[in-house]
Amino acid sequence: ADLLVDGRGFDPEFTNALSVVERLTGKDWEYAVVDAAPAYGRRLTRFRRHLLFVQPDLFVIYDDVATSAPALFAYRLRWGGWLKRWRPTV
């Protein structure tokens with residue numbers, strides 16, 4: 001998932017500046033927090049992406065984002081294969 005800020009995504013020149021802030025693992029899950037603000041230059045004052053993977057097939061992304069001025073946010077979702085629709089059971 002790409003975060004768009006005022007219609008623009010991250011700057012590929014700065015993606016090597018990303019850093020893992022926290023990482024936890026359990027028997028059936030993995031969790032990580034990445035500081036992605038450097039990839040957006042001065043457009044963001046904070047961007048912490050929280051990632052949770054629960055085996056075998058649940059993936060959750062939560063973004064904590066802040067700016068110093070009003071901005072329009074959007075997500076660009078991509079996938080390269082088969083997508084299954086989840087239907088809750090009652």
Side-chain angles (χ1 to χ4, degrees):
D2 295 340
L3 176 67
L4 303 178
V5 181
D6 293 328
R8 292 178 37 217
F10 62 89
D11 185 343
E13 182 178 334
F14 295 107
T15 55
N16 287 336
L18 304 181
S19 61
V20 176
V21 176
E22 185 176 4
R23 186 168 186 268
L24 303 169
T25 344
K27 182 180 178 222
D28 297 337
W29 58 272
E30 292 185 51
Y31 171 78
V33 180
V34 176
D35 181 5
Y40 286 80
R42 296 180 182 196
R43 292 179 288 152
L44 297 177
T45 56
R46 181 180 66 241
F47 183 5
R48 297 276 172 109
R49 175 160 280 180
H50 301 254
L51 304 159
L52 173 65
F53 174 64
V54 181
Q55 293 181 17
D57 58 7
L58 176 65
F59 197 80
V60 178
I61 300 172
Y62 168 75
D63 290 340
D64 177 14
V65 180
T67 63
S68 59
L72 178 65
F73 297 103
Y75 280 103
R76 181 173 41 205
L77 300 175
R78 307 172 199 211
W79 70 90
W82 182 77
L83 193 64
K84 176 179 152 184
R85 182 174 180 179
W86 177 72
R87 295 178 192 251
T89 56
V90 178

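- Using a 4.5 Å cut-off on side-chain heavy atoms (C-beta onward), Leu4 and Tyr75 make no contact.
- Each salt bridge (Lys or Arg N to Asp or Glu O under 4.0 Å) pair with one or both residues in residues 17-26, not counting sequence neighbours, appears once here: Arg23-Glu30.
- When all heavy atoms are compared, the tightest approach of Phe10 to Tyr40 is N-CE2, 3.6 Å.
- Side-chain atoms of Thr67 never come within 3.5 Å of backbone atoms of Leu44 as a donor-acceptor pair (strictly under, hydrogens ignored).
- Within the hydrophobic cluster formed by Ile, Leu, Val, Met, Phe, Trp and Tyr side chains joined at under 4.5 Å, directly or through other members, Val33 is accompanied by Val21, Leu24, Trp29, Tyr31, Leu52, Val54, Leu58, Val60.
- Under the 4.5 Å side-chain heavy-atom criterion for grouping Ile, Leu, Val, Met, Phe, Trp and Tyr, Val65 is not connected to Ile61 through any hydrophobic cluster.
- Residues Phe53 and Leu18 share a hydrophobic cluster, clusters being chains of Ile/Leu/Val/Met/Phe/Trp/Tyr side chains in contact below 4.5 Å.
- Residues in residues 65-76 take part in these salt bridge (Lys or Arg N to Asp or Glu O under 4.0 Å) pairs, two or more places apart or across chains: Asp2-Arg76.
- For Arg48 against His50, the heavy-atom pair with the smallest separation is O-CD2, 3.6 Å.
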Quick one: do Phe47 and Asp64 satisfy side chain to side chain contact (heavy atoms under 4.5 Å, CB included)? Show the steps, please.
CA-CA 6 Å; Phe47 183 5; Asp64 177 14; over 6 Å; no

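- Under 4.0 Å is where a charged nitrogen must lie from a carboxylate oxygen, and between Asp6 and Arg43 no such pair does.
- Within the model, atoms CG of Leu3 and CZ of Arg49 stand 6.5 Å from one another, a figure rounded to the nearest 0.5 Å.
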